[in-house]
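Structure record follows, encoded as structure tokens.
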Amino acid sequence: MMKKLRIAITADTMPEISHVTNLKLAPFAPRQLVEVIGKLGALPVILADVQDAQPEEFVDLFDGLIIPGGPDVDPRFFGEQPVWALGRTNYKRDAFEIGLIKAAHAAGKPLFGICRGCQVINVAFGGTVWQDLPSQCPEANIQHTQKALGAYPVHEVRLSENSSLFATLGETAQVNSRHHQAVRQLGKNLKATAFAPDGVIEGIEGTEGASVVAVQWHPENMWPEHEEMKRLFADFLSRVKKSA
């Protein structure tokens, strides 16, 4: 039997007190993300942060790494103090993911970031994010935190030619939008390859091959009804297969 590709997905945790004791702070990953990886023939592996474990100890467990959405990135990781409009953060998750991103990249494992994942990948490479687009970025004049249902596309993005995202989606794509943070200053060896109509960065890629691709929207919610979003995951798995 052919061995399936192992795709790691970093876990989030539930901070709220649950009436079911063992669910408090339980690690979890978005179900639709798990489903699309399985549907495409790979094996999703959810990674929870473990006290005293080093990022390098996780790397042999997977062939490719996905950093999904979640809470705001703690500004301490890019040298800033929190602004008033900063949302909930998860310092432990930030530290775990940043260490894991660096270890995976050093080991040649492809990365795919989704929403917060796009932001934290950028931070791991030395970049910064807008802590709050509405209050910090006057140019951000479209609705980036949509009021429509979360899976519905609400605005257009423009993709840069000669990029992985352009090859997958074409010149433009319609995307959903559930964020108030976004990439500000690009990290080392990263380039912006997708832009909202107001200029906000909606996608980044590595300048050294296609080992890093990340988007600001949520394709894991759109793929059941939008085939082009499923192609984003298929292309990621193709990159993983080539590097495995």
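A quick note: this is a predicted structure, and the numbers were derived from the prediction, not measured.
The nearest pair of heavy atoms linking Leu111 to Phe236 is C-CE1, 3.8 Å. Summarising the geometry of Ile67 relative to Val120, their closest heavy-atom pair is CG2-CG1, 3.5 Å, with the distance given to 0.1 Å. Counting all heavy atoms, side chain and backbone alike, Leu186 lies closest to Leu190 at CD1-O, 4.0 Å. Closest of all the heavy-atom pairs between Lys109 and Asp63 is CD-O, 3.5 Å. Gln181 and His179 get closest at one heavy-atom pair: O-ND1, 2.8 Å. Nearest approach of Leu40 to Ala234, heavy atoms of both residues: CD1-N, 3.6 Å.
A side-chain donor-acceptor contact under 3.5 Å links Asp235 and Thr168. Side chains of Arg178 and Asn221: a donor-acceptor N/O pair is present below 3.5 angstrom, by distance only. Under the 3.5 Å distance criterion, with hydrogens and angles disregarded, no donor-acceptor pair is assigned to the side chains of Gln131 and Gln136. Defined by atom type and a distance below 3.5 Å, a donor-acceptor pair is missing between the side-chain atoms of Asn176 and His218.
In this structure a side-chain-to-backbone donor-acceptor pair under 3.5 Å is present from Glu57 to Gln54. Checking side-chain atoms of Glu225 against main-chain N and O of Tyr152 turns up no donor-acceptor pair under 3.5 Å. Using a distance-only test at 3.5 Å, with no hydrogens or angles considered, no donor-acceptor pair links the side chain of Lys230 to the main chain of Val36. Put simply, the side chain of Ser160 never gets that close to the backbone of Ser163: no donor and acceptor are under 3.5 Å apart. A donor-acceptor pair under 3.5 Å is formed between the side chain of Asp72 and the backbone N or O of Gly87. No side-chain donor-acceptor contact under 3.5 Å links Arg184 to the backbone of Thr128.
A 4.5 Å side-chain heavy-atom check between Lys241 and Leu5 finds at least one atom pair inside the cut-off. The closest side-chain heavy-atom distance from Asp132 to Leu86 is not below 4.5 Å. A 4.5 Å side-chain heavy-atom check between Lys39 and Phe233 finds every atom pair outside the cut-off. Asn90 places none of its side-chain heavy atoms less than 4.5 Å from the side chain of Glu97. Side-chain contact check for Pro68 versus Leu33: some heavy-atom pair is nearer than 4.5 Å. Contact check for Pro219 versus Leu232: side-chain heavy atoms found under the 4.5 Å cut-off.
Each of Ile66, Leu100, Ile46 was scored for a side chain to side chain contact (heavy atoms under 4.5 Å, CB included) with Thr10, with one residue passing: Leu100. Of the listed residues (Asp74, Asp12, Asp49), just one forms a salt bridge (Lys or Arg N to Asp or Glu O under 4.0 Å) with Arg93, and that residue is Asp12.
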Practice task
Start with the C-alpha distance between Ser177 and Thr145, add both sets of side-chain angles, then the distance that settles side-chain contact (heavy atoms from CB on, under 4.5 Å), and finish with yes or no.
Solution key: CA-CA 6 Å; Ser177 190; Thr145 305; over 6 Å; no

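Atom-to-atom distance recorded for Ile37:CD1 and Phe112:CZ is 8.5 Å, nearest 0.5 angstrom. Taking CG of Leu65 as the reference point, atom CZ of Arg6 lies at 12.5 Å (rounded to 0.5 Å). Glu228 CD to Met222 CE: the interatomic distance, rounded to the nearest 0.5 Å, is 6.0 Å.
Connection of Ile121 to Ile9 is not established within any shared hydrophobic cluster, with ILVMFWY side chains joined at heavy-atom distances below 4.5 Å, either directly or through further cluster members. A single hydrophobic cluster is seen to contain both Leu169 and Leu237, as judged by linkage of ILVMFWY side chains at heavy-atom distances under 4.5 Å, directly or through other members. Cluster annotation: Leu47 is not connected to Ile114 through the hydrophobic network of ILVMFWY side chains, with a link wherever side-chain heavy atoms come within less than 4.5 Å. Linking ILVMFWY residues whenever their side-chain heavy atoms come closer than 4.5 Å, directly or via other members, leaves Phe28 and Val50 in distinct clusters. Note: the hydrophobic cluster containing Leu61 also contains Ile98 (ILVMFWY, side chain heavy atoms under 4.5 Å, direct or indirect links).
Counting heavy atoms of neighbouring residues, nucleotides and ligands inside a 6.0 Å radius, atom NZ of Lys102 does not exceed 12 of them.
Pairs passing the ring pair (Phe, Tyr, Trp, His ring centres under 6.0 Å) check and including a residue from residues 116-140, sequence neighbours excluded, read His105-Phe125. Within the structure, ring pair (Phe, Tyr, Trp, His ring centres under 6.0 Å) contacts touching residues 37-63 (residues at least two apart or in different chains) are Phe58-Phe96.
Listed by chain and residue number, Phe77 satisfy the ring pair (Phe, Tyr, Trp, His ring centres under 6.0 Å) test with Tyr91 (two or more places apart in sequence, or in another chain). With sequence neighbours excluded, no residue forms a salt bridge (Lys or Arg N to Asp or Glu O under 4.0 Å) with Lys4. Arg158 pairs by the salt bridge (Lys or Arg N to Asp or Glu O under 4.0 Å) definition with nothing, not counting sequence neighbours.
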Can I get a per-line list of side-chain donor-acceptor pairs under 3.5 Å for residues 195-216, giving both atom names and the distance, sequence neighbours left out?
unit_1	atom_1	unit_2	atom_2	d
Asp198	OD1	Val200	N	3.2
Asp198	OD2	Asn141	N	3.1
Asp198	OD2	Ile142	N	3.4
Asp198	OD2	His144	NE2	2.9
Glu205	OE1	Ser164	N	2.9
Glu205	OE2	Ser164	N	3.2
Glu205	OE2	Leu165	N	2.9
Glu205	OE2	Thr193	OG1	3.0
Thr207	OG1	Asn189	O	3.2
Gln216	OE1	Gln119	NE2	3.3

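Between Arg116 and Asp94, at least one side-chain N (NZ, or NE/NH1/NH2) sits under 4.0 Å from a carboxylate O, which counts as a salt bridge. Ion pair Glu227/Arg231 not flagged as a salt bridge, since none of the NZ, NE, NH1 or NH2 atoms sits closer than 4.0 Å to an Asp/Glu carboxylate oxygen.
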